There are 2 protein chains.
Amino acid sequence: MTTDSTRERILQAAGEQFATDGFAQATIRAICRKAGVNIAAVNYYFGDKERLYIEAVKHARRLREKQAPLPTWTSSTPAEKKLREFVLTLLRRMLCEPGDPWQTRLIIREIMEPTKACEELVQEAFRPFFQILVDILREMMPATTPLYTVHHWALSVIGQCFYYRANEKILTMLIDQEELRQQFTVEKLSEHISDVILRGLGHLSSSSLSHPVATLRSNDETA
Amino acid sequence: MTTDSTRERILQAAGEQFATDGFAQATIRAICRKAGVNIAAVNYYFGDKERLYIEAVKHARRLREKQAPLPTWTSSTPAEKKLREFVLTLLRRMLCEPGDPWQTRLIIREIMEPTKACEELVQEAFRPFFQILVDILREMMPATTPLYTVHHWALSVIGQCFYYRANEKILTMLIDQEELRQQFTVEKLSEHISDVILRGLGHLSSSSLSHPVATLRSNDETA
DNA sequence: TATCGGATTAAACGCATGTTTTAAACAATT
DNA sequence: AATTGTTTAAAACATGCGTTTAATCCGATA
């Protein structure tokens with residue numbers, strides 16, 4: 001059947017186009033040109049532009065979760081290991097490795113300026129994902145820690161991961177290209193972010209740091 | 001003179017409109033309606049839409065820096081104090097307190113999708129601001145620390161601050177409204193973020209934490 | 001083979017946009 | 001009071017958009 005093929009080609013082209021240009025700027029004409037189908041095909045298969053957009057966002061999320069899934073943990077998996085793997089997965093999804101960059105860019109658009117498509121994202125992806133992180137952090141904090149403190153730490157994790165993707169283009173203007181290529185890989189970034197959090201929570205000794213940074217203090221003596 | 005008044009009214013209205021709708025979505029007609037001037041005034045004063053946009057971005061940056069300036073430090077100001085004040089200032093600018101929310105929203109748009117207006121932002125604001133942060137962090141790290149490690153930490157600071165603004169709307173969907181209002185104030189967030197960084201750098205003892213979280217370890221002994 | 005229904009196409013509609021044009025209003029100067 | 005240069009105003013222009021229409025294609029069915 002050419003039916004599914006056409007529908008899927010539109011979905012793919014729409015995802016790329018919406019990710020690049022945003023909902024309003026992306027034109028149905030451009031999407032159809034890229035997909036190699038007639039203009040009327042969008043209305044035929046999806047009704048209108050908005051419903052096509054919503055389907056494209058859902059499509060992107062599903063792809064993203066498949067391509068960078070969370071590992072499965074047992075009850076004996078240490079929280080530190082879970083945190084490191086969580087950060088690595090989140091960064092992989094953010095930086096779209098592996099995968100096409102348009103998927104995450106489309107999702108980030110929804111995060112920055114939520115539309116109708118966002119509700120599904122929060123329900124199906126963000127909320128459960130956030131809860132997993134909160135549970136991991138809880139394991140590493142005193143049972144009496146107030147919920148909002150756990151939330152603060154969770155957002156510190158997500159915030160650091162989010163930044164590298166969202167501010168991609170600014171980064172290339174602030175930091176040397178070669179340094180970015182060598183030192184800002186998914187692996188190195190996730191190691192750094194995990195270290196920041198684990199040290200902050202007191203779950204990492206100075207000696208085990210990849211780059212020990214705390215060997216002197218500004219107002220007192222050196223070690 | 002009504003000249004400046006008209007020009008400034010356009011600039012203000014354009015800032016708000018561009019911040020809300022983005023460059024392409026904001027219409028000259030809406031801007032002029034909001035400013036109470038004729039449609040042709042934009043072309044008369046700014047030439048075209050794009051130059052109006054660039055001026056509006058510059059305008060927003062200048063306002064933001066005036067309303068949330070960095071404090072002046074002496075050579076004897078401790079690095080920890082400088083970091084805390086830096087984070088507080090950055091968060092103030094991000095969350096637009098004090099000030100109208102449109103200013104930062106417009107700038108964040110430029111960060112996410114740089115246009116011609118971005119070059120000026122980086123040169124005049126981001127690069128110097130980033131350098132100040134790097135210098136503060138350097139004071140707290142061994143002299144032999146590689147530059148990219150300092151950059152990692154600097155981006156950890158900025159990333160955490162950035163997140164609360166960028167993901168404003170998602171936060172309200174993930175976290176209870178009352179908790180947000182009470183626990184996610186500029187002061188509390190900046191304290192948390194500073195604590196995360198200072199602890200990570202080994203410049204903060206557990207006892208001085210606002211919410212001591214590291215009273216247990218999962219796999220080894222406590223300090 | 002004839003027919004029927006879903007899939008595709010080209011063309012057109014109505015509308016909103018950025019920009020330009022042309023004229024009017026205004027203030028300052030002679 | 002007349003004139004000049006600057007500012008405001010309304011209308012029109014060309015363009016590109018999302019959507020709809022009506023005709024055509026084409027494979028499965030009888």
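Throughout, a chain's letter reflects where its sequence line sits, starting with A, and its residues are numbered from 1. Here the structure is a predicted model, which means the values were calculated and not measured.
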What does B:Ala40 touch in the nucleic acid at a heavy-atom separation under 4.0 angstrom: a base, only the sugar-phosphate, or nothing?
base

Tell me: OH of A:Tyr45 to P of C:dG6, nearest whole Å?
12 Å

Pair A:Glu8, A:Gln12: side-chain N/O donor-acceptor within cut-off below 3.5 Å
no

Tell me, do A:Leu133 and A:Phe129 make a side-chain contact under 4.5 Å, heavy atoms counted?
no

Between A:Phe46 (CZ) and C:dT8 (P), how many Å, whole number?
12 Å

Can you find a pair of side-chain heavy atoms, one from A:Phe184 and one from A:Tyr164, that are under 4.5 Å apart?
yes

Please evaluate residues A:Arg138 and A:Asp135 with respect to the criterion salt bridge (Lys or Arg N to Asp or Glu O under 4.0 Å), reporting the C-alpha separation (whole Å), side-chain torsions for both, the decisive distance (0.1 Å), and the verdict.
CA-CA 5 Å; A:Arg138 269 221 175 285; A:Asp135 291 341; 5.9 Å; no

Between D:dA23 (P) and A:Tyr44 (OH): distance, integer Å
18 Å

In sequence, state the C-alpha distance, the side-chain angles, and the governing distance for A:Arg84 and A:Glu80, and then conclude on salt bridge (Lys or Arg N to Asp or Glu O under 4.0 Å).
CA-CA 6 Å; A:Arg84 287 189 183 279; A:Glu80 287 84 352; over 6 Å; no

Report, as a single string ordered 5' to 3', how protein heavy atoms within less than 4.0 Å touch nucleotides 12-18 of chain D: B base, S sugar-phosphate only, - not at all.
B----BB

Tell me whether B:Glu65 is salt-bridged to B:Arg61, with the criterion being a basic N under 4.0 Å from an acidic carboxylate O.
yes

Provide, to the nearest angstrom, the distance between the CG atom belonging to A:Asn38 and the P atom belonging to D:dT24.
15 Å

Respond yes when some side-chain nitrogen or oxygen of A:Thr6 is under 4.0 Å from OP1 or OP2 of C:dA7, and no when none is.
no

A:Arg7 CZ to C:dG6 P: how many Å, rounded?
17 Å

